[in-house]
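Predicted, not measured: the structure shown is a model, and the values here were computed from it. Scope of the values below: all heavy atoms of this structure, side chains included, with no hydrogens, waters or symmetry mates.
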Amino acid sequence: MTIRVLLADDQALIRAGFKMIIDAEDGMQVVAEASDGREAVDLARSQRADVVLMDIRMPGVDGLEATRRICADDGLAGVRVLVLTTFEDDDNVVLALQAGASGFLGKSVAPDDLLAAIRVVAAGDALLSPAATRGLVTRFLANLRPPAPQVAAGLDELTEREREIMILAAHGLSNEQVAARLFLSPLTAKTHVNRAMTKLGVRDRAQLVVLAYQSGLVQPGDRL
């Protein structure tokens, strides 16, 4: 099944480079290109992209606002946003996660890592580049406003195992690492993650991590 990719960047040269890499990969295709956020939202609707590679800084509607609009649109529930940024310690990285992005990459990413990231995000998983340290995440997410009442109620519905796995996911552990730590199969770990996301009404693993900090389930400086 071909992963349909939308490129959103105001620099044509960058779009051309990414397009060349993606179109050369089996099972991937660039279906559209946008030069600003408004165009990205419109094309996400019309082209039914699976993954949007979204630049943050664009004229008019920027990448953050475009990400919010895409992730808030129930008609685009299957679309995943992967944010591209020049500076991976930018405060906008966390704002992008809050807006609903599934992760982010630096624009200097190696071609193989870019392709792997697209596959990860298209599968519904979260992706933070190696430069996205835990300190970056906790520094900003610790100051988020409390979750909405319905979300807080969803936390109360989590089983002890789901809550435990949510905490591990918030510390950056993959399904395989969670499984090894809890003596489960990776499929069982993924099932618990998916159930937690369903109960909490979040789109993907990245949003699960945001909510773990937002709710206070995980605190800055917590250690496993």
Side-chain angles (χ1 to χ4, degrees), residues 3-23 28 30-47 49-73 76 79-122 125-145 203-207 209-210 213-214:
I3 299 173
R4 297 169 60 82
V5 180
L6 166 62
L7 300 178
D9 195 297
D10 62 332
Q11 298 185 48
L13 187 60
I14 289 178
R15 296 200 309 270
F18 284 136
K19 177 176 171 58
M20 181 176 63
I21 293 168
I22 294 167
D23 283 348
M28 289 188 194
V30 173
V31 296
E33 298 180 37
S35 59
D36 60 47
R38 185 183 304 277
E39 190 178 14
V41 176
D42 291 341
L43 288 172
R45 293 192 180 107
S46 64
Q47 299 300 318
D50 299 305
V51 176
V52 180
L53 291 184
M54 183 79 75
D55 186 26
I56 290 179
R57 294 178 176 85
M58 292 186 289
V61 176
D62 64 16
L64 291 174
E65 178 59 27
T67 297
R68 290 188 193 97
R69 294 182 187 183
I70 290 172
C71 295
D73 189 333
L76 297 176
V79 179
R80 302 288 183 245
V81 177
L82 180 57
V83 168
L84 294 166
T85 178
T86 304
F87 304 103
E88 294 179 73
D89 60 349
D90 196 319
D91 294 8
N92 284 329
V93 166
V94 174
L95 295 177
L97 293 178
Q98 290 179 252
S102 294
F104 73 95
L105 287 172
K107 286 187 177 180
S108 60
V109 62
D112 286 347
D113 291 336
L114 171 67
L115 297 172
I118 291 172
R119 294 191 187 282
V120 166
V121 170
D125 293 325
L127 181 132
L128 299 178
S129 71
T133 62
R134 185 178 305 163
L136 169 69
V137 176
T138 57
R139 175 184 167 192
F140 294 103
L141 296 187
N143 297 318
L144 294 180
R145 62 183 181 278
R203 290 169 58 96
D204 56 27
R205 198 183 190 94
Q207 299 310 297
V209 171
V210 170
Y213 284 96
Q214 186 181 23

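For the pair Met28 and Leu115, the minimum side-chain heavy-atom distance is below 4.5 Å. Contact of the Leu53 side chain with the Asp9 side chain is not registered, since no non-hydrogen atoms from C-beta on lie closer than 4.5 Å. Looking at heavy atoms from C-beta onward, Leu82 lies out of side-chain contact with Val120 at the 4.5 angstrom threshold. Using a 4.5 Å cut-off on side-chain heavy atoms (C-beta onward), Ile3 and Ile118 make contact. Side-chain atoms of Asp113 and Leu105, non-hydrogen and from C-beta on, never get closer than 4.5 Å to each other. Contact of the Phe18 side chain with the Leu84 side chain is registered, since non-hydrogen atoms from C-beta on lie closer than 4.5 Å. For the pair Ile56 and Leu64, the minimum side-chain heavy-atom distance is below 4.5 Å. Residues Val61 and Asp36 have side chains not in contact (no heavy-atom distance under 4.5 Å, counting atoms from C-beta outward).
With values rounded to the nearest 0.5 angstrom, Glu33 atom CD is found 12.0 Å from Ile14 atom CD1. Here Met54 contributes atom CE and Glu65 contributes atom CD; the two are 10.0 Å apart, rounded to the nearest 0.5 Å. Here the straight-line distance linking atom CD1 of Ile70 with atom CZ of Arg80 works out to 12.0 Å at 0.5 Å rounding.
Taking the salt bridge (charged side-chain N to carboxylate O under 4.0 Å, His left out) definition, one finds that Glu39 meets it with nothing, sequence neighbours left out. With sequence neighbours excluded, the residues that form a salt bridge (charged side-chain N to carboxylate O under 4.0 Å, His left out) with Arg119 are Glu25.
Here the options are Arg15, Gln11, Lys107, the test is side chain to side chain donor-acceptor pair (under 3.5 Å), and the partner is Asp55; only Lys107 passes.
Looking only at distances, a side-chain donor or acceptor of Asp50 sits under 3.5 Å from a matching main-chain atom of Arg4.
The shortest non-hydrogen separation linking Cys71 to Ala99 is CB-O, 3.5 Å. Of all heavy-atom pairs spanning Ala40 and Leu6, the tightest one is O-CD2, 3.4 Å. Shown here for Leu76 and Ala44, the closest heavy-atom pair between the two residues is CD2-O, 3.6 Å.
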